[in-house]
*Asks:* 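Attaching a single structure in structure tokens format; questions to follow.
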Amino acid sequence: MAPISPLPVVRDAAAAWLESWFQWVNRCLVWGLCWLTVILGPPATFSLFLAAHYNIHGTELSLRELAGAGRGFFLQSWLWMLANLLAGGVVWAGFDLAARLGGAWAAARWIALALGLVWLSVQLYALPFFMAQDRKSILLAFRNGFRAASTAPLFTLLVLGPALAMGAVSLMLVAPLALGGPGLIAVLAAQAAFARTRTYTLLEE
């Protein structure tokens, strides 16, 4: 089977996001406010990806519907958050170990970097797959995300690059957040996951 191209995925994601740009601005502003409380950040992120899941299929959810979904996703969203904190801790520990010990331990930096890149690749697909699954299991979403990333690494990296760039700019500047930048990342991830499920059988129930 011919490999899928990332260019139509990026194009379709941008088109879907622009078509609902005003809604994404509102959603992202609420999402940012939720992260200020910390505890509501992960559920709000799940709600953002749920909105993206429906957005790429031409359906829009209201803020009220997304708030209700966030309450339902609370436990799973914090399991996802704790897994990300653990992964981040492992990567940081690798870099810290390499910096303190030096010498042959410098290889720990590259191992940590590789593990971090693999984890980010899995995360590109994990939440979109979670939203698409009938069984709402974050562990199943991680497994599907790993399969998607490992069976199409080049496609994954070419889509992950713009998503990481947008994420970095959104963290450093206020304007991308105010203009709905995190929503574009969610839509891009949802579109990438949808492209993978159209090409291969990935979702296991």
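It should be emphasised that the depicted structure is a prediction, and the values quoted were computed from it without experimental measurement.
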*Asks:* Using 0.5 Å steps for rounding, measure from the CD atom of Q23 to the OG atom of S62.
*Replies:*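 Those atoms lie 11.0 Å apart.
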
*Asks:* Would you find a donor on one side and an acceptor on the other, under 3.5 Å apart, between the side chain of W35 and the backbone of T45?
*Replies:* no

*Asks:* Under the side-chain hydrogen bond (donor to acceptor under 3.5 Å, both in side chains) rule, what do R196 and T156 come out as? Steps first, then yes or no, please.
*Replies:* CA-CA 10 Å; R196 297 292 290 117; T156 299; 5.3 Å; no

*Asks:* For L48 and I185, run side-chain contact (heavy atoms from CB on, under 4.5 Å): C-alpha distance rounded to whole Å, both residues' side-chain angles, the deciding distance at 0.1 Å, then the answer.
*Replies:* CA-CA 10 Å; L48 200 71; I185 297 173; over 6 Å; no

*Asks:* Tell me if the OH atom of Y54 is crowded by more than 12 foreign heavy atoms within 6.0 Å.
*Replies:* no

*Asks:* Within a radius of less than 6.0 Å around CG of L63, do more than 12 heavy atoms belonging to other residues, nucleotides or ligands occur?
*Replies:* yes

*Asks:* Quick check: closest heavy atoms across G41 and W31, and the distance to 0.1 Å?
*Replies:* O-NE1, 4.5 Å

*Asks:* How long is the gap from CH2 on W21 to SG on C28, to the nearest 0.5 Å?
*Replies:* 11.0 Å

*Asks:* In a check of side chain to side chain contact (heavy atoms under 4.5 Å, CB included) between L164 and each of L124, L157, L120, which one passes?
*Replies:* L120

*Asks:* Between the main-chain N or O of W17 and the side-chain N or O of S20, is there a donor-acceptor pair closer than 3.5 Å?
*Replies:* no

*Asks:* Please assess N144 against Q133 for the test side-chain hydrogen bond (donor to acceptor under 3.5 Å, both in side chains), listing each intermediate value before the final yes or no.
*Replies:* CA-CA 10 Å; N144 281 323; Q133 293 166 184; 3.2 Å; yes

*Asks:* Do you know which two heavy atoms are closest between F155 and S5, and how far apart they sit?
*Replies:*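 Reported closest heavy-atom pair: CE1-O, 3.9 Å.
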
*Asks:* One pair to check against side-chain contact (heavy atoms from CB on, under 4.5 Å): D12 and I56. What are the steps and the verdict?
*Replies:* CA-CA 8 Å; D12 292 346; I56 65 171; over 6 Å; no

*Asks:* Does some side-chain heavy atom of W78 sit less than 4.5 Å from a side-chain heavy atom of P43?
*Replies:* yes

*Asks:* Here's a test for you: under side chain to side chain contact (heavy atoms under 4.5 Å, CB included), which of L184, L18, L179, V187 qualifies with W24?
*Replies:* V187

*Asks:* Can the ring centroids of F194 and H57 be said to lie less than 6.0 angstrom from one another?
*Replies:*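 Yes - the distance between ring centres of F194 and H57 falls below the 6.0 Å cut-off.
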
*Asks:* Checking the side chain of S47 only, and the main-chain atoms of A67 only, is there a donor and an acceptor separated by less than 3.5 Å?
*Replies:*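 No, S47 side chain to A67 backbone: no donor-acceptor pair under 3.5 Å.
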
*Asks:* Supply the atom-to-atom distance L140 CG to D134 CG, rounded to the nearest 0.5 angstrom.
*Replies:*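 Answer for the CG-CG pair, L140 versus D134, is 10.0 Å.
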
*Asks:* According to a 4.5 Å side-chain heavy-atom criterion applied to Ile, Leu, Val, Met, Phe, Trp and Tyr, with indirect links allowed, do V118 and V90 form part of one hydrophobic cluster?
*Replies:*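 As far as the 4.5 Å side-chain criterion goes, V90 and V118 are not connected within one cluster.
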
*Asks:* Under a 4.5 Å side-chain heavy-atom rule over Ile, Leu, Val, Met, Phe, Trp and Tyr, are L115 and V122 clustered together?
*Replies:* no

*Asks:* If you take all heavy atoms of K136 and M131, which pair is closest and at what distance?
*Replies:* NZ-O, 2.7 Å

*Asks:* What are the two closest heavy atoms between S121 and Y125, and how far apart are they?
*Replies:*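 Smallest heavy-atom distance, with atoms named: O-CD1, 3.5 Å.
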
*Asks:* Is there a side-chain contact between V25 and L29 (heavy atoms, below 4.5 Å)?
*Replies:* yes

*Asks:* For L127 and I138: C-alpha separation, side-chain torsions, deciding distance, then whether side-chain contact (heavy atoms from CB on, under 4.5 Å) applies.
*Replies:* CA-CA 8 Å; L127 292 191; I138 194 63; 4.2 Å; yes

*Asks:* With clusters built from Ile, Leu, Val, Met, Phe, Trp and Tyr whose side-chain heavy atoms come within less than 4.5 Å, directly or transitively, what are the remaining members of the cluster of L7, listed by chain and number?
*Replies:*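 L7 clusters with nothing; isolated.
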
*Asks:* Which residues satisfy the salt bridge (charged side-chain N to carboxylate O under 4.0 Å, His left out) test with E60, sequence neighbours excluded?
*Replies:* R27

*Asks:* Ring centroids only, cut at 6.0 angstrom: are F142 and W119 within range, meaning strictly under it?
*Replies:* yes

*Asks:* Where do L113 and V91 land on the side-chain contact (heavy atoms from CB on, under 4.5 Å) test, with the steps shown first?
*Replies:* CA-CA 7 Å; L113 183 63; V91 172; over 6 Å; no

*Asks:* Around E19, counting heavy atoms of other residues, nucleotides and ligands shown, do more than 12 lie under 6.0 Å from its CD?
*Replies:* no

*Asks:* What's the shortest heavy-atom distance between C34 and T37, and which atoms?
*Replies:* O-OG1, 2.6 Å

*Asks:* Answer with yes or no whether the hydrophobic clustering places I39 together with L85; edges join I, L, V, M, F, W, Y residues whose side-chain heavy atoms lie under 4.5 Å apart.
*Replies:*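 Shared cluster, yes.
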
*Asks:* If I take atom OG1 from residue T151 and atom CZ from residue F146, how far apart are they, to the nearest 0.5 angstrom?
*Replies:* 9.5 Å

*Asks:* Rounded to the nearest 0.5 Å, what's the gap from CG on L79 to CG on L139? Could you check?
*Replies:* 7.5 Å

*Asks:* Once rounded to the nearest 0.5 Å, what's the spacing between atom CD of Q191 and atom CG of N55?
*Replies:*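 These two atoms lie 9.0 Å from each other.
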
*Asks:* With F46, which residues qualify under ring pair (Phe, Tyr, Trp, His ring centres under 6.0 Å), at least two apart?
*Replies:* F73, W80, F130

